[in-house]
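Quick caveat, the model's predicted, so the values are computed rather than measured. Sequence lines set the chain letters: A, B, ... in the order given, protein chains first and strands last, and positions in each chain run from 1. These numbers come from the heavy atoms of this one structure, side chains and all, not from hydrogens, waters or symmetry mates.
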Number of protein chains: 2
Amino acid sequence: MRRTKAEAEETRRGILSAAERLFHAKGLASTTLEEIAAEAGVTRGAVYWHFANKADLILALFEDAPLFHEDLLALLSDDDPAGPLGALEAMVIAALARLATDERRQRIYSMVALCDHPELMSRVMEHKTSMMDAVRLQLSVAFVKAADRGQIAAPWTATTAADAFDWLLHGVISDWLKFGRRFDLAHRGAEVFRLQFSCFRGGAPA
Amino acid sequence: MRRTKAEAEETRRGILSAAERLFHAKGLASTTLEEIAAEAGVTRGAVYWHFANKADLILALFEDAPLFHEDLLALLSDDDPAGPLGALEAMVIAALARLATDERRQRIYSMVALCDHPELMSRVMEHKTSMMDAVRLQLSVAFVKAADRGQIAAPWTATTAADAFDWLLHGVISDWLKFGRRFDLAHRGAEVFRLQFSCFRGGAPA
DNA sequence: AGTTACATACATCCGTGTATGTATTTCCAG
DNA sequence: CTGGAAATACATACACGGATGTATGTAACT
(Lines give C-alpha, C1' and ligand atoms only; values in the text may rest on other atoms or scores of the structure.)
Protein backbone atom coordinates (compact mmCIF):
# COMPACT_ATOMS: atom_id res chain seq x y z
CA MET A 1 0.00 0.00 0.00
CA ARG A 2 2.68 2.44 -0.89
CA ARG A 3 1.57 6.05 -0.98
CA THR A 4 2.52 8.85 -3.28
CA LYS A 5 5.20 11.29 -2.19
CA ALA A 6 2.63 13.86 -1.14
CA GLU A 7 0.84 11.29 0.98
CA ALA A 8 4.10 10.21 2.56
CA GLU A 9 4.85 13.80 3.50
CA GLU A 10 1.38 13.93 5.01
CA THR A 11 2.00 10.94 7.22
CA ARG A 12 5.34 12.39 8.22
CA ARG A 13 3.63 15.55 9.33
CA GLY A 14 0.95 13.50 11.05
CA ILE A 15 3.58 11.66 13.05
CA LEU A 16 5.25 14.91 14.07
CA SER A 17 1.93 16.40 15.04
CA ALA A 18 0.93 13.36 17.07
CA ALA A 19 4.31 13.33 18.78
CA GLU A 20 3.95 17.00 19.64
CA ARG A 21 0.59 16.44 21.32
CA LEU A 22 1.64 13.34 23.22
CA PHE A 23 4.98 14.73 24.34
CA HIS A 24 3.20 17.72 25.74
CA ALA A 25 0.56 15.63 27.47
CA LYS A 26 2.78 12.90 28.89
CA GLY A 27 6.32 14.17 28.79
CA LEU A 28 9.15 13.24 26.46
CA ALA A 29 10.40 10.20 28.31
CA SER A 30 7.15 8.43 29.06
CA THR A 31 5.71 8.73 25.56
CA THR A 32 6.36 5.63 23.48
CA LEU A 33 6.78 5.41 19.74
CA GLU A 34 3.91 2.94 19.68
CA GLU A 35 1.60 5.55 21.18
CA ILE A 36 2.78 8.16 18.73
CA ALA A 37 2.16 5.83 15.83
CA ALA A 38 -1.31 4.96 17.09
CA GLU A 39 -2.17 8.62 17.60
CA ALA A 40 -1.06 9.31 14.05
CA GLY A 41 -3.05 6.35 12.70
CA VAL A 42 -0.01 4.40 11.51
CA THR A 43 2.30 1.75 12.92
CA ARG A 44 5.77 1.98 14.35
CA GLY A 45 7.04 0.89 10.96
CA ALA A 46 6.09 4.23 9.52
CA VAL A 47 7.75 6.06 12.37
CA TYR A 48 10.99 4.16 11.88
CA TRP A 49 10.81 4.77 8.16
CA HIS A 50 10.70 8.55 8.58
CA PHE A 51 12.90 8.87 11.66
CA ALA A 52 15.93 6.92 12.81
CA ASN A 53 14.81 6.83 16.45
CA LYS A 54 13.11 8.77 19.16
CA ALA A 55 15.83 11.38 19.63
CA ASP A 56 15.87 11.96 15.90
CA LEU A 57 12.14 12.51 15.95
CA ILE A 58 12.43 15.06 18.73
CA LEU A 59 15.19 16.90 16.91
CA ALA A 60 13.03 17.00 13.79
CA LEU A 61 10.20 18.43 15.86
CA PHE A 62 12.42 21.21 17.14
CA GLU A 63 13.72 22.05 13.70
CA ASP A 64 10.33 22.00 12.12
CA ALA A 65 8.29 23.79 14.75
CA PRO A 66 7.74 27.49 15.25
CA LEU A 67 9.91 28.40 18.20
CA PHE A 68 8.87 31.14 20.52
CA HIS A 69 12.39 32.52 20.57
CA GLU A 70 12.45 32.84 16.84
CA ASP A 71 9.16 34.67 17.09
CA LEU A 72 10.88 37.21 19.25
CA LEU A 73 13.44 38.06 16.63
CA ALA A 74 10.89 38.03 13.84
CA LEU A 75 8.71 40.48 15.74
CA LEU A 76 11.58 42.83 16.54
CA SER A 77 11.34 45.66 14.05
CA ASP A 78 14.44 47.62 13.24
CA ASP A 79 12.86 51.01 12.75
CA ASP A 80 10.16 51.44 15.31
CA PRO A 81 9.17 55.08 15.82
CA ALA A 82 9.62 54.56 19.55
CA GLY A 83 13.22 53.50 19.03
CA PRO A 84 14.92 50.25 20.00
CA LEU A 85 13.36 50.11 23.44
CA GLY A 86 9.89 50.72 22.08
CA ALA A 87 10.51 48.01 19.52
CA LEU A 88 11.48 45.59 22.28
CA GLU A 89 8.39 46.45 24.27
CA ALA A 90 6.08 46.01 21.30
CA MET A 91 7.86 42.79 20.43
CA VAL A 92 7.45 41.11 23.78
CA ILE A 93 3.81 42.07 24.07
CA ALA A 94 3.08 40.77 20.60
CA ALA A 95 4.99 37.58 21.28
CA LEU A 96 3.08 36.89 24.48
CA ALA A 97 -0.22 37.51 22.73
CA ARG A 98 0.74 35.09 19.99
CA LEU A 99 1.85 32.43 22.43
CA ALA A 100 -1.37 32.80 24.41
CA THR A 101 -3.48 31.90 21.40
CA ASP A 102 -1.29 29.36 19.66
CA GLU A 103 -1.48 25.91 21.21
CA ARG A 104 1.22 24.60 18.98
CA ARG A 105 3.72 27.13 20.23
CA GLN A 106 2.66 26.40 23.77
CA ARG A 107 3.37 22.71 23.34
CA ILE A 108 6.74 23.32 21.76
CA TYR A 109 7.79 25.77 24.43
CA SER A 110 6.73 23.34 27.13
CA MET A 111 8.93 20.68 25.64
CA VAL A 112 11.89 23.01 25.47
CA ALA A 113 11.37 24.32 28.98
CA LEU A 114 10.60 21.02 30.65
CA CYS A 115 13.06 18.76 28.90
CA ASP A 116 14.50 16.13 31.18
CA HIS A 117 17.26 13.77 29.96
CA PRO A 118 20.39 15.89 29.85
CA GLU A 119 22.52 12.90 28.97
CA LEU A 120 20.66 10.71 26.55
CA MET A 121 19.14 13.60 24.67
CA SER A 122 22.28 15.65 24.65
CA ARG A 123 21.90 16.36 20.96
CA VAL A 124 18.51 17.86 21.64
CA MET A 125 19.89 19.93 24.47
CA GLU A 126 22.73 21.22 22.34
CA HIS A 127 20.35 22.39 19.68
CA LYS A 128 18.17 24.04 22.27
CA THR A 129 20.86 25.84 24.20
CA SER A 130 22.68 27.10 21.13
CA MET A 131 19.42 28.48 19.82
CA MET A 132 18.63 30.23 23.08
CA ASP A 133 22.12 31.65 23.22
CA ALA A 134 21.70 33.14 19.78
CA VAL A 135 18.44 34.79 20.74
CA ARG A 136 19.86 36.19 23.94
CA LEU A 137 22.77 37.65 22.05
CA GLN A 138 20.43 39.42 19.66
CA LEU A 139 18.39 40.81 22.52
CA SER A 140 21.51 42.05 24.26
CA VAL A 141 22.48 43.88 21.11
CA ALA A 142 19.05 45.51 21.00
CA PHE A 143 19.37 46.68 24.58
CA VAL A 144 22.81 48.11 23.90
CA LYS A 145 21.35 50.03 20.97
CA ALA A 146 18.63 51.35 23.25
CA ALA A 147 21.20 52.45 25.79
CA ASP A 148 23.24 54.15 23.09
CA ARG A 149 20.21 56.21 22.16
CA GLY A 150 19.72 57.18 25.77
CA GLN A 151 16.56 55.17 26.25
CA ILE A 152 17.83 53.37 29.32
CA ALA A 153 17.82 55.62 32.37
CA ALA A 154 20.28 55.22 35.20
CA PRO A 155 20.70 53.24 37.34
CA TRP A 156 19.61 50.67 34.77
CA THR A 157 22.18 49.66 32.19
CA ALA A 158 21.94 47.73 28.97
CA THR A 159 23.15 44.64 30.77
CA THR A 160 20.89 44.80 33.80
CA ALA A 161 17.88 45.71 31.68
CA ALA A 162 18.56 42.81 29.34
CA ASP A 163 18.90 40.47 32.31
CA ALA A 164 15.67 41.65 33.85
CA PHE A 165 13.90 41.39 30.52
CA ASP A 166 15.15 37.90 29.87
CA TRP A 167 14.39 36.55 33.32
CA LEU A 168 10.99 38.18 33.43
CA LEU A 169 10.11 36.65 30.10
CA HIS A 170 11.27 33.14 30.95
CA GLY A 171 9.62 33.36 34.33
CA VAL A 172 6.21 34.42 33.13
CA ILE A 173 6.07 31.82 30.39
CA SER A 174 7.26 28.96 32.57
CA ASP A 175 4.81 29.82 35.30
CA TRP A 176 1.97 30.05 32.87
CA LEU A 177 2.72 26.82 31.05
CA LYS A 178 3.69 24.69 34.00
CA PHE A 179 0.72 25.40 36.16
CA GLY A 180 -2.28 25.02 33.94
CA ARG A 181 -2.41 28.46 32.36
CA ARG A 182 -4.29 29.83 35.30
CA PHE A 183 -3.98 33.48 34.43
CA ASP A 184 -4.35 35.65 31.36
CA LEU A 185 -0.88 35.54 29.86
CA ALA A 186 -1.39 38.27 27.30
CA HIS A 187 -2.95 40.81 29.63
CA ARG A 188 -1.08 40.29 32.87
CA GLY A 189 2.15 39.78 31.01
CA ALA A 190 1.70 42.91 28.96
CA GLU A 191 0.79 44.91 32.06
CA VAL A 192 3.94 43.97 33.91
CA PHE A 193 6.15 44.47 30.88
CA ARG A 194 4.73 47.93 30.31
CA LEU A 195 5.53 48.87 33.88
CA GLN A 196 8.95 47.35 33.54
CA PHE A 197 9.77 49.29 30.40
CA SER A 198 8.66 52.52 31.98
CA CYS A 199 11.11 51.72 34.76
CA PHE A 200 13.84 51.23 32.19
CA ARG A 201 13.02 54.64 30.78
CA GLY A 202 13.19 56.07 34.27
CA GLY A 203 10.16 58.26 33.79
CA ALA A 204 6.57 58.23 34.91
CA PRO A 205 4.31 55.88 32.96
CA ALA A 206 2.26 57.00 30.00
CA MET B 1 24.10 -9.19 57.20
CA ARG B 2 21.51 -7.14 58.91
CA ARG B 3 22.67 -3.76 60.13
CA THR B 4 21.86 -1.85 63.26
CA LYS B 5 19.18 0.81 63.15
CA ALA B 6 21.72 3.59 62.89
CA GLU B 7 23.42 1.87 59.97
CA ALA B 8 20.11 1.34 58.27
CA GLU B 9 19.35 5.02 58.55
CA GLU B 10 22.75 5.69 57.05
CA THR B 11 22.06 3.56 54.00
CA ARG B 12 18.68 5.23 53.62
CA ARG B 13 20.35 8.59 53.54
CA GLY B 14 22.97 7.23 51.17
CA ILE B 15 20.28 6.10 48.77
CA LEU B 16 18.56 9.47 48.90
CA SER B 17 21.85 11.25 48.35
CA ALA B 18 22.78 9.03 45.41
CA ALA B 19 19.34 9.50 43.90
CA GLU B 20 19.66 13.25 44.24
CA ARG B 21 22.95 13.32 42.37
CA LEU B 22 21.86 10.96 39.62
CA PHE B 23 18.48 12.58 39.11
CA HIS B 24 20.20 15.89 38.68
CA ALA B 25 22.78 14.49 36.30
CA LYS B 26 20.54 12.32 34.14
CA GLY B 27 16.98 13.41 34.74
CA LEU B 28 14.26 11.76 36.73
CA ALA B 29 12.95 9.46 34.05
CA SER B 30 16.18 8.06 32.69
CA THR B 31 17.71 7.26 36.05
CA THR B 32 17.14 3.65 37.04
CA LEU B 33 16.86 2.25 40.52
CA GLU B 34 19.74 -0.07 39.71
CA GLU B 35 22.00 2.91 39.05
CA ILE B 36 20.90 4.59 42.25
CA ALA B 37 21.63 1.45 44.23
CA ALA B 38 25.06 1.07 42.65
CA GLU B 39 25.90 4.72 43.32
CA ALA B 40 24.90 4.21 46.93
CA GLY B 41 26.92 1.00 47.19
CA VAL B 42 23.94 -1.26 47.80
CA THR B 43 21.57 -3.35 45.68
CA ARG B 44 18.05 -2.70 44.50
CA GLY B 45 16.90 -4.82 47.40
CA ALA B 46 17.91 -2.11 49.81
CA VAL B 47 16.16 0.52 47.75
CA TYR B 48 12.94 -1.47 47.72
CA TRP B 49 13.26 -2.08 51.42
CA HIS B 50 13.36 1.63 52.22
CA PHE B 51 11.04 2.88 49.49
CA ALA B 52 7.98 1.36 47.87
CA ASN B 53 8.96 2.41 44.36
CA LYS B 54 10.58 5.14 42.34
CA ALA B 55 7.82 7.71 42.81
CA ASP B 56 7.89 7.09 46.52
CA LEU B 57 11.64 7.69 46.55
CA ILE B 58 11.23 10.99 44.72
CA LEU B 59 8.52 12.11 47.11
CA ALA B 60 10.77 11.24 50.04
CA LEU B 61 13.52 13.32 48.46
CA PHE B 62 11.22 16.30 48.18
CA GLU B 63 10.00 15.97 51.72
CA ASP B 64 13.45 15.47 53.13
CA ALA B 65 15.40 18.04 51.16
CA PRO B 66 15.76 21.74 51.76
CA LEU B 67 13.49 23.39 49.24
CA PHE B 68 14.41 26.75 47.87
CA HIS B 69 10.85 27.95 48.25
CA GLU B 70 10.81 27.07 51.89
CA ASP B 71 14.04 28.99 52.25
CA LEU B 72 12.22 32.02 50.97
CA LEU B 73 9.65 31.92 53.72
CA ALA B 74 12.20 31.09 56.37
CA LEU B 75 14.31 34.07 55.35
CA LEU B 76 11.37 36.46 55.33
CA SER B 77 11.53 38.35 58.60
CA ASP B 78 8.37 39.85 59.97
CA ASP B 79 9.84 42.95 61.52
CA ASP B 80 12.52 44.27 59.25
CA PRO B 81 13.39 47.90 59.94
CA ALA B 82 12.93 48.58 56.22
CA GLY B 83 9.37 47.30 56.36
CA PRO B 84 7.77 44.49 54.39
CA LEU B 85 9.33 45.52 51.10
CA GLY B 86 12.78 45.77 52.61
CA ALA B 87 12.27 42.36 54.15
CA LEU B 88 11.35 40.94 50.77
CA GLU B 89 14.40 42.48 49.17
CA ALA B 90 16.74 41.17 51.86
CA MET B 91 15.07 37.79 51.64
CA VAL B 92 15.50 37.27 47.92
CA ILE B 93 19.12 38.41 47.97
CA ALA B 94 19.91 36.07 50.85
CA ALA B 95 18.08 33.21 49.17
CA LEU B 96 20.00 33.65 45.94
CA ALA B 97 23.30 33.77 47.80
CA ARG B 98 22.43 30.59 49.64
CA LEU B 99 21.38 28.81 46.48
CA ALA B 100 24.56 29.88 44.71
CA THR B 101 26.74 28.14 47.27
CA ASP B 102 24.63 25.09 48.10
CA GLU B 103 24.87 22.33 45.55
CA ARG B 104 22.25 20.30 47.27
CA ARG B 105 19.67 23.03 46.88
CA GLN B 106 20.69 23.48 43.29
CA ARG B 107 20.07 19.84 42.53
CA ILE B 108 16.72 19.82 44.27
CA TYR B 109 15.56 22.95 42.53
CA SER B 110 16.58 21.54 39.18
CA MET B 111 14.48 18.48 39.80
CA VAL B 112 11.49 20.56 40.77
CA ALA B 113 11.86 22.89 37.83
CA LEU B 114 12.61 20.28 35.20
CA CYS B 115 10.26 17.52 36.18
CA ASP B 116 8.79 15.74 33.22
CA HIS B 117 6.09 13.04 33.59
CA PRO B 118 2.90 14.91 34.40
CA GLU B 119 0.88 11.72 34.25
CA LEU B 120 2.85 8.89 35.77
CA MET B 121 4.31 10.94 38.60
CA SER B 122 1.15 12.80 39.38
CA ARG B 123 1.68 12.52 43.12
CA VAL B 124 5.04 14.20 42.80
CA MET B 125 3.55 16.94 40.70
CA GLU B 126 0.74 17.52 43.12
CA HIS B 127 3.15 17.89 45.98
CA LYS B 128 5.26 20.28 43.99
CA THR B 129 2.49 22.51 42.71
CA SER B 130 0.72 22.72 46.03
CA MET B 131 3.97 23.73 47.68
CA MET B 132 4.65 26.41 45.10
CA ASP B 133 1.12 27.69 45.42
CA ALA B 134 1.54 28.04 49.16
CA VAL B 135 4.75 30.01 48.76
CA ARG B 136 3.26 32.28 46.16
CA LEU B 137 0.32 32.98 48.40
CA GLN B 138 2.62 33.99 51.24
CA LEU B 139 4.59 36.27 48.96
CA SER B 140 1.41 37.88 47.70
CA VAL B 141 0.40 38.60 51.26
CA ALA B 142 3.78 40.21 51.91
CA PHE B 143 3.40 42.45 48.89
CA VAL B 144 -0.08 43.48 49.98
CA LYS B 145 1.34 44.41 53.36
CA ALA B 146 4.01 46.46 51.65
CA ALA B 147 1.39 48.24 49.57
CA ASP B 148 -0.69 48.93 52.67
CA ARG B 149 2.28 50.67 54.21
CA GLY B 150 2.72 52.77 51.11
CA GLN B 151 5.95 51.11 50.04
CA ILE B 152 4.71 50.35 46.54
CA ALA B 153 4.64 53.44 44.38
CA ALA B 154 2.17 53.92 41.54
CA PRO B 155 1.82 52.68 38.89
CA TRP B 156 2.98 49.47 40.50
CA THR B 157 0.45 47.61 42.61
CA ALA B 158 0.79 44.76 45.05
CA THR B 159 -0.36 42.37 42.34
CA THR B 160 1.89 43.56 39.55
CA ALA B 161 4.88 43.83 41.85
CA ALA B 162 4.30 40.33 43.16
CA ASP B 163 4.02 39.05 39.59
CA ALA B 164 7.19 40.76 38.52
CA PHE B 165 9.01 39.51 41.60
CA ASP B 166 7.86 35.95 41.11
CA TRP B 167 8.65 35.80 37.41
CA LEU B 168 12.01 37.47 37.83
CA LEU B 169 12.94 34.99 40.52
CA HIS B 170 11.87 31.90 38.60
CA GLY B 171 13.49 33.23 35.47
CA VAL B 172 16.87 33.95 36.95
CA ILE B 173 17.10 30.63 38.73
CA SER B 174 15.97 28.58 35.76
CA ASP B 175 18.38 30.34 33.44
CA TRP B 176 21.22 29.86 35.83
CA LEU B 177 20.58 26.20 36.55
CA LYS B 178 19.65 25.07 33.08
CA PHE B 179 22.56 26.52 31.24
CA GLY B 180 25.59 25.57 33.21
CA ARG B 181 25.66 28.33 35.81
CA ARG B 182 27.47 30.61 33.46
CA PHE B 183 27.06 33.79 35.43
CA ASP B 184 27.40 34.88 39.03
CA LEU B 185 23.95 34.21 40.42
CA ALA B 186 24.40 35.99 43.72
CA HIS B 187 25.88 39.18 42.32
CA ARG B 188 24.00 39.66 39.08
CA GLY B 189 20.79 38.49 40.67
CA ALA B 190 21.16 40.83 43.62
CA GLU B 191 22.00 43.72 41.32
CA VAL B 192 18.87 43.34 39.26
CA PHE B 193 16.66 42.77 42.28
CA ARG B 194 17.98 45.91 43.93
CA LEU B 195 17.14 47.92 40.84
CA GLN B 196 13.77 46.26 40.66
CA PHE B 197 12.90 47.08 44.26
CA SER B 198 13.91 50.68 43.81
CA CYS B 199 11.47 50.72 40.89
CA PHE B 200 8.76 49.35 43.16
CA ARG B 201 9.47 52.17 45.60
CA GLY B 202 9.22 54.62 42.75
CA GLY B 203 12.20 56.66 43.87
CA ALA B 204 15.80 57.06 42.85
CA PRO B 205 18.12 54.30 43.98
CA ALA B 206 20.12 54.45 47.15
C1' DA C 1 11.82 -3.70 -12.67
C1' DG C 2 13.25 -1.41 -9.05
C1' DT C 3 12.31 1.46 -5.45
C1' DT C 4 9.32 3.50 -2.10
C1' DA C 5 6.39 3.60 1.91
C1' DC C 6 4.89 1.45 4.83
C1' DA C 7 2.83 -3.09 7.86
C1' DT C 8 4.02 -7.15 10.29
C1' DA C 9 6.69 -10.18 12.87
C1' DC C 10 10.44 -11.13 15.74
C1' DA C 11 14.55 -10.93 18.78
C1' DT C 12 16.33 -8.67 22.51
C1' DC C 13 17.09 -6.08 26.38
C1' DC C 14 16.08 -3.28 30.12
C1' DG C 15 13.62 -1.91 34.14
C1' DT C 16 10.34 -2.98 37.47
C1' DG C 17 8.30 -5.48 41.07
C1' DT C 18 8.22 -9.44 43.93
C1' DA C 19 9.46 -13.61 46.09
C1' DT C 20 12.83 -15.80 48.57
C1' DG C 21 17.13 -16.49 51.13
C1' DT C 22 19.95 -15.16 55.12
C1' DA C 23 22.88 -13.15 58.47
C1' DT C 24 22.29 -10.14 62.21
C1' DT C 25 19.91 -7.77 65.82
C1' DT C 26 16.73 -6.99 68.98
C1' DC C 27 13.75 -8.49 72.28
C1' DC C 28 12.12 -11.19 75.80
C1' DA C 29 11.57 -15.23 78.73
C1' DG C 30 13.76 -17.80 82.01
C1' DC D 1 22.73 -12.39 81.62
C1' DT D 2 21.76 -15.68 78.37
C1' DG D 3 19.55 -18.58 74.93
C1' DG D 4 16.45 -18.61 71.39
C1' DA D 5 12.54 -16.86 68.65
C1' DA D 6 11.05 -13.29 65.93
C1' DA D 7 11.82 -9.31 63.41
C1' DT D 8 15.00 -6.55 60.69
C1' DA D 9 17.90 -5.09 56.83
C1' DC D 10 19.29 -6.23 53.35
C1' DA D 11 21.18 -9.52 48.92
C1' DT D 12 19.88 -12.62 45.41
C1' DA D 13 17.02 -14.67 42.07
C1' DC D 14 13.14 -14.66 39.18
C1' DA D 15 8.98 -13.43 36.51
C1' DC D 16 6.99 -10.17 33.65
C1' DG D 17 5.77 -6.57 30.57
C1' DG D 18 7.00 -3.21 27.66
C1' DA D 19 9.83 -0.64 24.52
C1' DT D 20 13.27 -0.65 21.16
C1' DG D 21 15.37 -1.90 16.96
C1' DT D 22 15.58 -4.81 13.05
C1' DA D 23 14.37 -8.07 9.61
C1' DT D 24 11.14 -9.26 6.41
C1' DG D 25 6.94 -8.97 3.63
C1' DT D 26 4.31 -6.42 0.17
C1' DA D 27 1.63 -3.47 -2.54
C1' DA D 28 1.66 0.52 -5.03
C1' DC D 29 4.12 4.11 -7.41
C1' DT D 30 7.79 5.80 -10.81
Side-chain angles (χ1 to χ4, degrees), chain A residues 1-19 21-23 25-61 64 115-124, chain B residues 1-19 21-23 25-61 64 115-124:
Chain A
M1 302 146 182
R2 149 145 143 86
R3 307 305 163 94
T4 176
K5 275 186 190 174
E7 285 171 321
E9 183 57 25
E10 226 175 285
T11 65
R12 188 191 133 94
R13 295 206 160 272
I15 291 168
L16 283 172
S17 170
R21 288 191 299 271
L22 289 178
F23 282 148
K26 310 187 34 176
L28 289 181
S30 57
T31 299
T32 167
L33 294 183
E34 173 69 40
E35 292 170 319
I36 293 172
E39 173 83 11
V42 293
T43 68
R44 263 174 51 250
V47 176
Y48 273 99
W49 171 255
H50 287 285
F51 309 96
N53 48 42
K54 195 170 171 179
D56 188 57
L57 202 172
I58 295 174
L59 261 184
L61 244 187
D64 165 89
C115 183
D116 209 318
H117 276 265
E119 185 169 333
L120 196 129
M121 305 218 182
S122 58
R123 282 169 51 214
V124 175
Chain B
M1 303 154 178
R2 147 146 144 85
R3 308 303 163 95
T4 176
K5 275 186 189 173
E7 287 171 321
E9 183 57 25
E10 225 176 284
T11 64
R12 188 192 133 94
R13 293 206 162 275
I15 291 168
L16 284 171
S17 171
R21 288 191 298 271
L22 289 177
F23 282 149
K26 311 187 31 174
L28 289 180
S30 56
T31 298
T32 166
L33 293 183
E34 173 69 39
E35 292 169 317
I36 293 173
E39 172 83 10
V42 293
T43 67
R44 264 174 48 250
V47 176
Y48 274 100
W49 171 256
H50 287 286
F51 309 97
N53 48 44
K54 194 170 169 180
D56 188 56
L57 201 173
I58 296 173
L59 263 184
L61 244 187
D64 165 90
C115 181
D116 209 320
H117 275 267
E119 186 168 331
L120 197 127
M121 306 218 181
S122 57
R123 280 170 52 215
V124 175

Send over the distance from [X] [atom1] to [N] [atom2], rounded to a whole Å.
X       : N      : atom1 : atom2 : value
B:Glu9  : D:dC10 : CD    : P     : 10 Å
B:Phe51 : C:dT18 : CZ    : P     : 17 Å
A:Glu10 : C:dA5  : CD    : C1'   : 14 Å
B:Trp49 : C:dT18 : CH2   : P     : 14 Å
B:Leu57 : C:dG17 : CG    : P     : 11 Å
A:Glu7  : D:dC29 : CD    : P     : 7 Å
B:Leu22 : C:dG15 : CG    : C1'   : 15 Å

Exercise for the section: Sugar-phosphate atoms are those with a prime plus P, OP1 and OP2; base atoms are the rest. Using that split, label each nucleotide of nucleotides 18-25 of chain D B, S or - for protein heavy atoms under 4.0 Å, 5' to 3'. Expected result: -SBBB---
Handout entry: Salt bridge A:Glu9-A:Arg13, side-chain N to carboxylate O under 4.0 Å
Key = yes
Practice task
Might you point out which heavy atoms bring A:Gly14 and A:Ala40 nearest each other, and give the distance in Å?
Solution key: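 So the minimum-distance heavy-atom pair works out to O-CB, 3.8 Å.
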Exercise for the section: For residues A:Leu57 and A:Leu33, report the shortest heavy-atom separation together with the two atoms involved. Expected result: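 It is CD1-CD2, 4.1 Å.
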Practice task
Return the nearest nucleotide to the side chain of A:Lys5; candidates are C:dC6, D:dA11, C:dA5.
Solution key: C:dA5
Practice task
Could you check B:Thr11 against B:Trp49 for side-chain contact (heavy atoms from CB on, under 4.5 Å), going step by step and ending with a plain yes or no?
Solution key: CA-CA 11 Å; B:Thr11 64; B:Trp49 171 256; over 6 Å; no
Problem - Any B:His50 side-chain nitrogen or oxygen under 4.0 Å from OP1 or OP2 of D:dC10 - result: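 Answer yes for this pair, as a side-chain N or O of B:His50 is under 4.0 Å from OP1 or OP2.
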Practice task
Verify the contact: side-chain N or O of A:Thr4 to OP1 or OP2 of D:dT30, cut-off strictly under 4.0 Å; return yes or no.
Solution key: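 Looking at the OP1 and OP2 atoms of D:dT30, one of them is under 4.0 Å from a side-chain N or O of A:Thr4.
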Problem - A:Lys26 (side chain) donor-acceptor with A:Thr32 (main chain) under 3.5 angstrom - result: no
Handout entry: Side chain proximity check, A:Leu59 to A:Phe51, heavy atoms < 4.5 angstrom
Key =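 Heavy-atom side-chain distance check fails, nothing below 4.5 Å.
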